[in-house]
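Have a look at the structure below, then the notes.
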Protein chains: 2
Amino acid sequence: MSVLRNSRQAISVSDEKLAARCARGRVIVIDDDVQILAALAALFELEGYACETYTSALAYLDILNFPSPSFPGPCCVLCDIKMPGLSGLELQRRLASLGDTPLLFMSGDSGAQEAVSAFRAGAIDFLIKPIDVDVLLASINRALACSSECQQAQIRRDVLAARIAMLTERERDIARRVAAGQTNPEIAAKLNIALRTVKLHRQRALEKIGAGGTVDLVRIADEVGL
Amino acid sequence: MSVLRNSRQAISVSDEKLAARCARGRVIVIDDDVQILAALAALFELEGYACETYTSALAYLDILNFPSPSFPGPCCVLCDIKMPGLSGLELQRRLASLGDTPLLFMSGDSGAQEAVSAFRAGAIDFLIKPIDVDVLLASINRALACSSECQQAQIRRDVLAARIAMLTERERDIARRVAAGQTNPEIAAKLNIALRTVKLHRQRALEKIGAGGTVDLVRIADEVGL
DNA sequence: TAAGTAATTGCCCTTTGGTGCAATTGTTTT
DNA sequence: AAAACAATTGCACCAAAGGGCAATTACTTA
């Protein structure tokens, strides 16, 4: 039932459907039990999500090393905590430095200690087997919603950061001062340059950043820094 | 060893020391085992924190109902999860609606389920007995630091909210529009009032809010709303 | 009823912000 | 060396922001 997909596969005719599913949400399931993988994959696909399955944490990490073009959309990882090779908690440590994909754990007979470690390290949820389907789906929904938000915010930050990167040193400096509330004459005095020069840099900075006015600039400065 | 303190007690000569301890951090310990309470209280007092102990969740909630003047400072609750009467998780539910005091749980033989429930409901940590003293203190430190941050932010928001509450409807409306980037002439046109009037309200709003300029107003508006 | 508060407006003046036009200088890239 | 980019400045003009002064109107409160 379950189809193992990785992002390296060639573009095929089924990609349209896959893209649609990915847009809704992509669930990455990692478990050494193939039966469970199959069952979960079937469940998630039935719910309209895209699903990728891996039989080990390493297999998943391998895929991540190929920054292949994947369909956009929210994404979360559902991972068994007890697996041969890399355990779930170890995977979590390695993922932490990479991105901000929400991580959910599944556990059979683990004690409280593992759950605590998982949450401390930032896990978004910890599901104890036997897992209720509704609870699982609700949890996955939360995780995907969280991922979606993060991604949107990240995209916005990236766009703005790219624009800010286009500023020259002078422009950035003056934009910073403007965002700090300094007036043009004040800035001119501080930098020992002509008022006209300040105005010019200020204007250029606003243009490059794409801020409609000073008010926008302040918000952008507070959001992504300058 | 441990001294049970509640905020209703009369001001006494030892209050200076207590105030100093509270400023460093106040740990509220709830456990039905008096031995443990005594030991923890001794530990925390030794570390320079103020410590209040309660033998049941209800006893603590009772105290909260008397909004008595307490010394300011960061504060956290360390609570056994398994207690007669109100359990730790039930206490958590009731506290959630009250304030944002960080909550830490202690647990002897609880399963993962309780830890998961605690974290889902926002617990800041979950300590499994036997508890390592260093781990405990580190966790308490995190919680108090968190509390401190929250309190500072809350105070700031309260101050600003109080100022904003002094605005008249007109002033608030115009401040909103200014924060949204509208110019005085635009606002005047929208509201069908004279430019001079807009300027006056704008000026008054900035004064009352205590914003040095438009830049400040934008930040305040984004932080506490208008 | 008198005082106080809030909203309103006009006139006038200064400071800031926003731009166009034109030009100079130094550095970097092709 | 020519072209391109960044920083700089002067002059002039207009729009917007910030206030001072004075006055009117409507509504609420002591």
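First the proteins, then the strands, lettered A, B, ... as listed; each starts at 1. Everything numeric in this text was worked out from a predicted model, so none of it was measured.
- Counting only heavy atoms from C-beta outward, the side chains of B:Asp31 and B:Cys79 never approach each other to under 4.5 Å.
- Remark: A:Glu207 pairs with A:Gln203 by the side-chain contact (heavy atoms from CB on, under 4.5 Å) rule, at least two apart or across chains.
- In this structure, the side chains of B:Leu86 and B:Ser56 stay at 4.5 Å or more apart for every pair of heavy atoms.
- Applying the salt bridge (charged side-chain N to carboxylate O under 4.0 Å, His left out) test to A:Arg120 and every residue at least two apart in sequence or in another chain returns B:Asp125.
- Taking 4.5 Å as the limit, every side-chain heavy atom of A:Leu98 sits out of range of all side-chain heavy atoms of A:Arg94.
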Solution key, residues 155-164 of chain A side-chain donor-acceptor pairs under 3.5 Å, sequence neighbours excluded:
residue, atom, partner, partner atom, Å
A:Arg156, NE, A:Glu223, OE1, 3.1
A:Arg156, NE, A:Glu223, OE2, 2.8
A:Arg156, NH2, A:Glu223, OE1, 3.0
A:Arg157, NH2, A:Gln154, OE1, 2.8
A:Asp158, OD1, A:Gln154, NE2, 2.9
A:Arg163, NH1, A:Ile209, O, 3.1

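- Chain A approaches DNA chain C over the interval C:dT16 to C:dC21, counting the first and last nucleotide 5' to 3' with an atom under 4.0 Å from its heavy atoms.
- With sequence neighbours excluded, no residue forms a salt bridge (charged side-chain N to carboxylate O under 4.0 Å, His left out) with B:Arg204.
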Less than 3.5 Å apart, which donor and acceptor atoms pair up between the side chains of residues 175-182 of chain A and the rest of the protein, not counting sequence neighbours?
residue, atom, partner, partner atom, Å
A:Arg176, NH1, A:Leu226, O, 3.1
A:Arg177, NE, A:Asp173, OD1, 3.2

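- The closest side-chain heavy-atom distance from B:Glu47 to B:Leu137 is below 4.5 Å.
- In this pair, A:Tyr54 and A:Tyr60 present their aromatic rings tilted. The plane angle is within the 30 to 60° band.
- Applying the side chain to side chain donor-acceptor pair (under 3.5 Å) test to B:Thr183 and every residue at least two apart in sequence or in another chain returns nothing.
- Taking every nucleotide of DNA chain D with any atom under 4.0 Å from a non-hydrogen atom of chain A, the first and last of them, 5' to 3', are D:dA6 to D:dC11.
- For A:Arg24, the CZ atom is densely surrounded, since the number of other residues' heavy atoms within 6.0 Å is greater than 12.
- Listed by residue number, B:Leu200, B:His201 are the residues of residues 200-226 of chain B with a heavy-atom contact under 4.0 Å to DNA chain C.
- In this structure, A:Lys199 has no salt bridge (charged side-chain N to carboxylate O under 4.0 Å, His left out) partners at least two apart in sequence or on a different chain.
- Looking at B:Glu90 and B:Ser87, their side chains do bring a donor and an acceptor atom within 3.5 Å of each other.
- Against DNA chain C, the stretch residues 159-188 of chain A makes heavy-atom approaches under 4.0 Å through A:Thr183, A:Asn184, A:Pro185.
- A:Leu136 has its side chain within reach of A:Phe44: a pair of non-hydrogen atoms, C-beta onward, lies under 4.5 Å apart.
- Comparing B:Ile193 and B:Lys199 by the nucleotide of DNA chain C whose heavy atom lies nearest to each, the residue mapping closer to the 5' end is B:Ile193.
- In the helix from C:dT1-D:dA30 to C:dT30-D:dA1, the rotation axis of the first five pairs and that of the last five pairs differ in direction by 40°, rounded to 10 degrees.
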